[in-house]
*Asks:* 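Below you will find the structure I want to go over with you.
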Amino acid sequence: MGALNTFPLSFKVKGKRIIIVGGGDEALNKVRLVSKTTASVEIYARHIDADFSAFPVRLKARPLRAADIAGAALVFVAEEGADAELAKTEARRLNIPLNVVDVPGECDFYTPSIVDRAPLVVAISTEGDAPVLARLVRAQIEALLAPGIGKIARLAGGLRQRVESLIQDGAARRRFYEDLLTRPEADAEALLAQHVANGAGSGVVWLIGAGPGSEDLLTLRAQRLLQQADVIVHDQLVPASVVEMGRRDAEQICVGKARGHHSFSQAQINALLVRLAGEGKKVVRLKSGDPLVFGRAGEEIAALRKAGLAYEIVPGVSAALAAAADTATPVTLRTVSSGIVMATAHGAEDSELSHWAALAGSGLTLALYMGKAIAAETAGRLLAHGAAPDLPLGIVVNAGRPDSTSYAGTLGDLAGGAVDFADGPAVILVGHAVAHGDWRNAANAAANTYKAA
Ligand code: SAH
């Protein structure tokens, strides 16, 4: 660690005055920062150029007087000229900390980048050397801290007396606060009741959609909860890079069907989740795409409900939407497609097939999951149930991932024969909206000419 030339501290400004000299954009930038505080902010400028109306500040459109500086907590100089010189002289004479915008040599202090979750505040400073770096780091911290975390911190303060009388054991109390502060989505009262009822710290299962398989298509909430999990129970379809975003010391359990590995039955997965959460663990159940779309989340939720365990659902980008994005296909489009049907190609019954065939023909987009291995057969069956052979069709393998590959053609093309798809999961999109996508890079979907783009 190098030696710091500045010392970060939290400086009390409540009830005090902060002076800003200048009426332009640089003054406005400082106002943005200091108006997050409860100090009274005064702006002195002969000309007010920027729009300060959004901020609770006192505008003094007149020359600065020496007496204005007396008693201020902080002085910012955000312009040049006589007023600026007077402010500097007075601040120095009265030992009031001074910041001169863009003149580090004249500054007593710098203003760090701030992540504001009052009363929680994170300040990031590079001692003025690399403001761009400070902003990048700030963005990462913003993502890590739930927007409501500050409110929860205040709430925890307000609950303190009740918690003390309701939960006597110190360790159990700490577990309650940990739970409260790491689950900003949860209702504090319900959480408290749950902790009082369960005695020991309560487990929870977060059913999380991991999206189609790229780390950056994970939601911020998913990322945050992954960081809090004791155990991550994931499917085979979730790439290791996404699972790795969890805490390093979290236990990882793959319950998917890996080649050559024993895979868990759904009943075993349900039992596993109930056991882990029952032990008081925070469990992430990580599923590809969205957990409520062909994710068998319904069965897991039912088991958790039956066991009286807490759970929450975090949505994810479902494969059909990732496929649409990869190919710029508007799955709904005025006068062309009035809706989208997400359906499984697998095990579809005749009645369902005839229904879809009619829907696709009448202007709904079909997104077929789990249909890659039976793609030609599925197309053939849709045709047999009345779908038009010239219905536009597209297939996206590894949607939302760097190795996304697409194929385009018509329903009739696909029905025609065996296809040599790229490795990976695939979504089949059928319907007139498909023709409005950008399938330029797609391979031709005519039978036997399917090739990776
Ligand atoms: N819950 C998931 C679907 C799980 S079922 C979701 O919402 O996306 C598994 C099926 O999802 C696969 O057979 C395939 O049809 C589809 N799928 C999952 N990930 C995919 C991806 N990256 N690209 C294309 N299809 C995908």
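Order of appearance sets the numbers: ligands from 1, and atoms from 1 within every ligand.
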*Asks:* Would you please name every residue forming a side chain to side chain contact (heavy atoms under 4.5 Å, CB included) with Thr327, sequence neighbours left out?
*Replies:*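 Listed in chain order: Thr329, Val396, Ser406, Trp439.
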
*Asks:* Could you check whether the rings of Tyr369 and Phe294 sit parallel, tilted or perpendicular, using 30° and 60° as the cut-offs?
*Replies:*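 Answer is tilted, since the angle falls between 30° and 60°.
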
*Asks:* Should Ser338 and Thr332 count as side-chain neighbours, where that means a heavy-atom distance under 4.5 Å?
*Replies:*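 Ser338 does not reach Thr332 side chain to side chain.
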
*Asks:* Do you see a donor-acceptor pair shorter than 3.5 Å between the side chains of Glu300 and Gln266?
*Replies:*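 Glu300 vs Gln266: donor-acceptor pair found between side chains.
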
*Asks:* Anything with a heavy atom under 4.0 Å from ligand 1 counts, so go ahead and list those protein residues by chain and number.
*Replies:*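 Ligand 1 is contacted, at a heavy-atom distance under 4.0 Å, by Pro212, Leu237, Ser288, Gly289, Asp290, Val293, Phe294, Ser318, Ala319, Tyr369, Met370, Val396, Asn398, Ala399, Arg401, Pro425, Ala426, Val427.
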
*Asks:* Between Ser404 and Asp326, do the side chains contain an N or O donor and an N or O acceptor separated by less than 3.5 Å?
*Replies:*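 Asp326 and Ser404 do have a side-chain donor-acceptor pair below 3.5 Å.
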
*Asks:* Under 3.5 Å, is there a donor-acceptor pair between the side chain of Asn99 and the main chain of Phe109?
*Replies:*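 Checked: pair present.
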
